[in-house]
Amino acid sequence: MSFHHRGIEYFIGLYSTKFTISIPALKNYFKEIEVKKVDTAHSKAQTIIEDEIQRISKDKI
């Protein structure tokens with residue numbers, strides 16, 4: 001399923017007992033994570049997006 005955080009699209013999927021996070025705008029970021037709840041997967045994806053936005057902002061200074 002597709003979701004958005006701060007204008008960046010990301011996807012959360014369920015594969016066996018793992019969730020997958022895919023963020024195409026971040027150089028095709030893809031990762032499998034082992035968490036119990038989908039809310040935790042969303043939180044992780046949003047943290048990754050926030051970290052990348054901060055990194056990009058620092059690079060432009």
Spatial distance of atom OG (Ser2) from atom CD1 (Ile12) [nearest 0.5 Å]: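 Between atom OG of Ser2 and atom CD1 of Ile12 there are 10.5 Å.
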Leu14 side, atom CG; Glu32 side, atom CD - distance, nearest 0.5 Å: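 One gets 10.5 Å once the value is rounded to the nearest 0.5 Å.
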Qualifying ring-ring contact (aromatic ring centres under 6.0 Å, His included) pairs, either residue in residues 12-33, two or more places apart: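 Passing the test, one end in residues 12-33: no pairs.
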Qualifying residues under side chain to side chain contact (heavy atoms under 4.5 Å, CB included), relative to Glu52, sequence neighbours excluded: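 Once residues adjacent in sequence are excluded, the partners of Glu52 under the side chain to side chain contact (heavy atoms under 4.5 Å, CB included) criterion are Leu26, Arg55, Ile56.
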Pairing residues for Thr17 by the side chain to side chain contact (heavy atoms under 4.5 Å, CB included) criterion, not counting sequence neighbours: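 Partners of Thr17 under the side chain to side chain contact (heavy atoms under 4.5 Å, CB included) test: none.
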By side-chain hydrogen bond (donor to acceptor under 3.5 Å, both in side chains) - contacts of Ser16 (at least two apart):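 Testing Ser16 for side-chain hydrogen bond (donor to acceptor under 3.5 Å, both in side chains), a comparison that skips the adjacent residues, returns none.
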Any residue meeting salt bridge (charged side-chain N to carboxylate O under 4.0 Å, His left out) with Glu9, in chain and number order, not counting sequence neighbours: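 By the salt bridge (charged side-chain N to carboxylate O under 4.0 Å, His left out) rule, Glu9 matches no residue at all.
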Trace of the side chain to side chain contact (heavy atoms under 4.5 Å, CB included) decision for Ile23 with Ile8: CA-CA 8 Å; Ile23 310 170; Ile8 297 176; 3.9 Å; yes
In a table with atom names and distances, give each donor-acceptor pair under 3.5 Å that connects a side chain of residues 35-50 to protein atoms at least two apart or in another chain.
from: His42; atom 1: ND1; to: Tyr10; atom 2: OH; distance (Å): 2.9
from: Gln46; atom 1: NE2; to: Tyr10; atom 2: OH; distance (Å): 3.2
from: Thr47; atom 1: OG1; to: Ser43; atom 2: O; distance (Å): 2.9
from: Glu50; atom 1: OE1; to: Arg6; atom 2: NH1; distance (Å): 2.8
from: Glu50; atom 1: OE2; to: His5; atom 2: NE2; distance (Å): 2.7
from: Glu50; atom 1: OE2; to: Arg6; atom 2: NH1; distance (Å): 3.4

Minimum side-chain heavy-atom gap Ile21-Ile33 below 4.5 Å: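 Side-chain contact under 4.5 Å: yes.
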